[in-house]
Peer 1: 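Quick one: the structure is below, and I'll ask about it shortly.
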Amino acid sequence: MAEASVYELAVIGAGPAGLSAAVVAAERGLTVALVDAGAQTGGQYWRHPDEQHLDAFTHPESTGHHHWAHYRELRARLRHAVGGGRLVHLSGRQVWRIDRDDTVLVLRTTSTTDTDETDASNAARSTGRGERDVRAERVVLATGAYDRQLPLPGWTIPGVMAAGGVQALLKANQVAAGRRAVVAGTGPFLLSVAAGLADAGVDVVAVCDASALSRWAATPLRAIQEPGKLLEGVGYATTFLKHRIPLRTRTVVAAVAGGGRVSRVTLARVDARGRIRPDTARVVEADLVALGWGFTPQLELAISLGAETRVDVDSSLVAVADADQRSSVPGVYLAGEVTGIGGAVQSCAEGELAALSAATDAGRADDPRRRARLRRRISRGRRFAVGMHRASPVPADWPTWLAGDTTVCRCEEVDADAVRATVHALAADDPRDVRVTARPGMGLCQGRVCGFALSCLVSAETGRPAEPADLEPLAKRPLATPLTVADLAALADGKDRR
């Protein structure tokens, strides 16, 4: 299928939500463009080795994955839809802005490849990927999320990594990031990362969860909404026993030390609010610290389009979708982590429902029973997610761990003292004021790494919980991704092709 002048639906993101949406929409008869920054489908959840060179890897591409059979089914359906001329998969292209041209949504894209201009032009002619703009009547935003990070003393030392980054190395490259690891933070994702490291031969010194397992007892009915998650938990427990991995609850990494790389990690017990208990610190040796504090939805495109947002139960800013995954913006649908962190199964259901809603709005035959079933599935998954977030919250008093010289913003090298001084000495009373005054979040990552932590720190200093009006400016980025001058010049001179 050649690229259409205007697609009936564009789907942004080829993870669980986006892949599900694209496949279902094509099967309902829509012309679909699936736009994704990655070279192959799967997103972060199903990140896997290069499919063109699987013989170079020791283990199968499914190693370390859950629901792999479902991914293989979606991948096969995608290829069938592409072969049947109903869908175009535009890989290696990242959407940096969406404009509206009358009734059409225009997706401005930039290449994520490293090829020079000549190679890119040749690739464009052979794959039909030469257009900078993708035009569609409707769009599904399935942009996913990224690791949430909380600063702590020593977190900028090499060897301290986001737990998601550690897992990505394992899944995509079958490479362990260290030999002796501490996995810490909060939530069940820690178990997955620790189990993967242990199976890869890493000595996991400790898994430290800031919360207590007893918090699940407060929401027992929510915990049983997802029986599959309970089975995964049993699998992790078996791995922990096999490798003798100690699980320490109400315990955090209080500090990290080392020269050119992590060598010593200070662990400490905390109370229910996350305050470190006196005389509980102990030091362990490790060369890898994997920190996981949950995930932050990637909302640049949703916010730039004017979609309504809210603060979720885990204190993340999320985009608001109705019962059929429609956003507050006509023609824009939401699926997956942009509506709240809920996991891959939930994301698949939301992607499928978004596709059905888009197909119905495009005049295709409705399937009310299927949509009703998906709504029930999503509602059940949402109840579990709420229970998970309540059982594994970010500790309320984590800012008390910070020393004055602890870096909060790595890009601009802004420390905790600078943030506090801006609040108290300069009367900056919200994250945006602090950002424009002291410059945290003004560097290359544009607050993706420090934005959540900054909002929490400012709230702790002001005593006022963050609201959507506080968080939206941190997530609002007119350019959703770095791009070349050539991409901008193309807008000015009217060129569409490379």
Side-chain angles (χ1 to χ4, degrees), residues 1-4 7-48 51 61-62 65-93 95 107 127-129 134 136-144 321 324-326 332-339 342-367 369-371 373-375 377-378 381:
M1 175 182 176
E3 290 194 37
Y7 296 94
E8 291 179 282
L9 182 69
V11 179
I12 303 175
L19 192 54
S20 299
V23 167
V24 170
E27 291 172 349
R28 300 295 292 181
L30 299 184
T31 55
V32 181
L34 174 60
V35 186
D36 187 58
Q40 55 192 27
T41 59
Q44 296 300 323
Y45 185 76
W46 283 317
R47 180 186 286 269
H48 56 284
E51 294 169 8
E61 62 174 347
S62 60
H65 284 282
H66 292 288
H67 313 295
W68 186 254
H70 185 58
Y71 169 66
R72 289 189 62 188
E73 177 195 350
L74 287 173
R75 185 169 63 180
R77 290 163 64 187
L78 175 74
R79 291 170 177 170
H80 180 72
V82 170
R86 299 188 301 275
L87 187 151
V88 167
H89 176 205
L90 304 173
S91 61
R93 290 171 67 175
V95 179
L107 283 60
T127 63
R129 296 190 299 176
V134 177
E137 297 171 1
R138 298 167 183 81
V139 62
V140 174
L141 299 181
T143 46
D324 288 305
Q325 304 305 130
R326 297 181 181 90
V332 177
Y333 307 80
L334 305 168
E337 312 290 43
V338 293
T339 67
V345 174
Q346 176 85 349
S347 294
C348 287
E350 290 188 7
E352 185 176 343
L353 181 56
L356 293 177
S357 298
T360 300
D361 294 345
R364 301 305 194 274
D366 192 7
D367 191 341
R369 289 187 178 181
R370 186 176 177 184
R371 287 199 292 130
R373 174 178 58 80
L374 287 167
R375 287 193 207 102
R377 177 69 189 81
I378 292 167

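Worth knowing before you read on, the calculation uses all heavy atoms, side chains too, and leaves out hydrogens, waters and symmetry mates.
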Peer 1: Check whether any side-chain heavy atom of Asp367 sits under 4.5 Å from a side-chain heavy atom of Arg369, and report yes or no.
Peer 2: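 They are in contact (side-chain heavy atoms under 4.5 Å apart), so the answer is yes.
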
Peer 1: Would you list the pairs meeting salt bridge (charged side-chain N to carboxylate O under 4.0 Å, His left out) in which at least one residue belongs to residues 342-351, sequence neighbours left out?
Peer 2: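 Found none.
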
Peer 1: Without swapping roles, check the side chain of Arg77 against the backbone of Glu27 for a donor-acceptor pair under 3.5 Å.
Peer 2: no

Peer 1: Please name all residues satisfying side chain to side chain donor-acceptor pair (under 3.5 Å) with Arg370, sequence neighbours left out, ordered by chain then number.
Peer 2: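 By the side chain to side chain donor-acceptor pair (under 3.5 Å) rule, Arg370 matches Glu352.
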
Peer 1: Restricting to salt bridge (charged side-chain N to carboxylate O under 4.0 Å, His left out), what partner residues turn up for Glu137, sequence neighbours left out?
Peer 2: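 Counting only residues at least two positions away or on another chain, Glu137 forms no salt bridge (charged side-chain N to carboxylate O under 4.0 Å, His left out).
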
Peer 1: Which residues pass the salt bridge (charged side-chain N to carboxylate O under 4.0 Å, His left out) test with Arg375, sequence neighbours left out?
Peer 2: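 Once residues adjacent in sequence are excluded, the partners of Arg375 under the salt bridge (charged side-chain N to carboxylate O under 4.0 Å, His left out) criterion are Asp324.
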
Peer 1: Show me the donor-acceptor pairs within less than 3.5 Å that the side chains of residues 12-25 make with the rest of the protein, sequence neighbours left out.
Peer 2:
residue	atom	partner	partner atom	Å
Ser20	OG	Pro16	O	2.7

Peer 1: Does anything in residues 9-25 form a salt bridge (charged side-chain N to carboxylate O under 4.0 Å, His left out)? List the pairs, not counting sequence neighbours.
Peer 2: none

Peer 1: List the residues meeting side-chain contact (heavy atoms from CB on, under 4.5 Å) with Glu337, not counting sequence neighbours, and say none if there are none.
Peer 2: Ala145, Ile341, Ser347

Peer 1: Which residues pass the salt bridge (charged side-chain N to carboxylate O under 4.0 Å, His left out) test with Arg75, not counting sequence neighbours?
Peer 2: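 Counting only residues at least two positions away or on another chain, Arg75 forms a salt bridge (charged side-chain N to carboxylate O under 4.0 Å, His left out) with Glu51, Glu61.
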
Peer 1: Kindly write out the residues that satisfy ring-ring contact (aromatic ring centres under 6.0 Å, His included) with Tyr71, not counting sequence neighbours, or none if the list is empty.
Peer 2: Trp46, His48, Trp68

Peer 1: Do Val345 and Arg377 make a side-chain contact, defined as non-hydrogen atoms from C-beta onward lying under 4.5 Å apart?
Peer 2: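 They are in contact (side-chain heavy atoms under 4.5 Å apart), so the answer is yes.
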
Peer 1: If the condition is salt bridge (charged side-chain N to carboxylate O under 4.0 Å, His left out), which residues does Arg47 pass it with, not counting sequence neighbours?
Peer 2: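 By the salt bridge (charged side-chain N to carboxylate O under 4.0 Å, His left out) rule, Arg47 matches no residue at all.
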
Peer 1: Can you sort out the partners of Arg364 under side-chain contact (heavy atoms from CB on, under 4.5 Å), two or more places apart, ordered by chain and number?
Peer 2: Glu8, Leu30, Ala359, Ala362

Peer 1: Identify, with sequence neighbours excluded, every residue that meets side-chain contact (heavy atoms from CB on, under 4.5 Å) alongside Asp366.
Peer 2: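 For Asp366, the residues satisfying side-chain contact (heavy atoms from CB on, under 4.5 Å) (neighbours in sequence not counted) are Thr360, Pro368, Arg371.
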
